[in-house]
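Here's the structure we're looking at; comments come further down.
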Amino acid sequence: MRIRLVATTAVAAGALTALSAVPAQAAEYNSALKIRGIQYDAPGSDSNRCSGGNTAQEYLTIKNYSRSTTVNLKGYVVKDAAGNKFTFTASHTLQPGDYVKLRGGNGSDSDTKNVVYRDNCNFMWNNDKDTIYVYKPSGSRADVHSYTRNGSDADHNGYITYHG
């Protein structure tokens with residue numbers, strides 16, 4: 001009887017160790033809204049000029065993975081590791097399965113074209129590594145992912161997919 005108890009305790013301890021070793025960015029959050037992918041390195045030479053730059057080619061795709069709930073993005077916040085942030089200040093609704101591309105640069109937001117512009121010509125995402133945070137209007141975390149150019153982007157094309 002004692003041998004079984006020791007073996008069971010050892011297995012349970014091993015499972016706890018394995019669970020605690022999972023990095024924070026791998027945690028699943030209770031949110032319909034998740035990061036689908038990121039174009040963290042805009043194609044071409046980086047130029048953050050508002051006129052003629054390529055900041056709009058850098059984007060984050062956020063998708064509503066719910067099968068039945070519509071999500072209004074108003075009040076959601078997107079941040080990077082350095083604290084740069086964007087807050088969705090206008091209503092922008094995502095039907096189940098719908099997505100939006102949050103682009104840098106200036107442009108016209110459009111529900112029909114699934115795009116929202118940050119109205120900021122500076123790049124938000126680092127080309128070597130960064131962490132992407134998405135927060136609900138309540139302040140709780142909706143999703144988070146970290147990336148490195150060498151570790152996360154096997155083909156080095158500047159785009160990484162999460163949640164398929």
Side-chain angles (χ1 to χ4, degrees), residues 23-66 69-164:
Q25 66 267 21
E28 281 297 321
Y29 294 94
N30 185 17
S31 174
L33 207 64
K34 296 199 181 294
I35 300 164
R36 183 174 187 274
I38 183 169
Q39 180 72 49
Y40 67 91
D41 187 3
S45 297
D46 286 353
S47 172
N48 61 0
R49 290 174 299 159
C50 285
S51 177
N54 64 339
T55 340
Q57 299 305 310
E58 177 186 88
Y59 61 88
L60 177 70
T61 305
I62 300 172
K63 182 177 177 179
N64 179 357
Y65 284 89
S66 170
T69 304
T70 298
V71 177
N72 186 344
L73 293 175
K74 187 174 184 175
Y76 274 82
V77 175
V78 174
K79 285 185 175 182
D80 74 346
N84 297 307
K85 74 177 187 174
F86 173 82
T87 302
F88 288 92
T89 56
S91 289
H92 187 89
T93 56
L94 294 180
Q95 302 297 322
D98 203 4
Y99 67 91
V100 66
K101 286 186 178 180
L102 176 60
R103 290 190 176 276
N106 297 312
S108 298
D109 297 350
S110 171
D111 279 342
T112 56
K113 293 183 180 179
N114 295 343
V115 66
V116 171
Y117 287 88
R118 291 190 295 112
D119 292 328
N120 184 325
C121 295
N122 291 319
F123 290 99
M124 185 165 180
W125 311 110
N126 294 330
N127 289 349
D128 59 344
K129 64 181 177 178
D130 213 334
T131 302
I132 312 155
Y133 301 93
V134 178
Y135 293 94
K136 298 177 183 181
S138 66
S140 64
R141 208 176 267 175
D143 202 8
V144 61
H145 289 281
S146 294
Y147 67 84
T148 62
R149 174 182 284 287
N150 293 328
S152 308
D153 187 4
D155 58 6
H156 299 287
N157 68 352
Y159 187 83
I160 301 169
T161 301
Y162 303 104
H163 301 291

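One is the number of the first residue; the rest follow in order along the sequence.
Thr89 meets the side-chain contact (heavy atoms from CB on, under 4.5 Å) test with Thr87; sequence neighbours excluded. Ala90 pairs by the side-chain contact (heavy atoms from CB on, under 4.5 Å) definition with nothing, not counting sequence neighbours.
In terms of heavy-atom proximity, Lys136 sits nearest to Ala142 at CG-CB, 4.0 Å. A pairwise comparison of heavy atoms in Asp111 and Thr93 identifies OD1-N, 4.2 Å as the closest pair. Scanning both residues, Ala32 and Val71, for their nearest heavy atoms gives CB-CG2, 4.3 Å. Listed here is the closest heavy atom pair of Asn126 and Lys129: CB-O, 3.0 Å. The shortest heavy-atom contact between Ser152 and Ser146 is OG-O, 4.2 Å.
Side-chain contact of Tyr40 with Asp153: a donor-acceptor pair under 3.5 Å is present, judged by distance alone. With 3.5 Å as the limit, one finds no donor-acceptor pair spanning the side chains of Asp98 and Asn64. Looking only at atom types and distance, the side chain of Ser140 has a donor-acceptor partner in the side chain of Ser138 under 3.5 Å away.
Distance check, rounded to the nearest 0.5 Å: OH of Tyr76 to CD1 of Ile62 gives 9.5 Å.
Using bins of under 30°, 30° to 60° and over 60° for the plane-to-plane angle, the ring pair Phe86/Phe88 lands in the perpendicular bin. Note on ring orientation: taking the six-membered ring where Trp is involved, the planes of Tyr159 and Tyr59 are tilted (angle from 30° to 60°).
At least one side-chain heavy atom of Arg149 sits under 4.5 Å from a side-chain heavy atom of His156. Residues Asp143 and His163 form a side-chain contact, since some pair of their non-hydrogen atoms from C-beta on lies under 4.5 Å apart. In this structure, Asn84 and Phe123 have side chains that are not in contact, with every pair of non-hydrogen atoms separated by 4.5 Å or more.
The only member of Leu73, Thr61, Val115, Val78 that meets side chain to side chain contact (heavy atoms under 4.5 Å, CB included) when paired with Leu102 is Val78.
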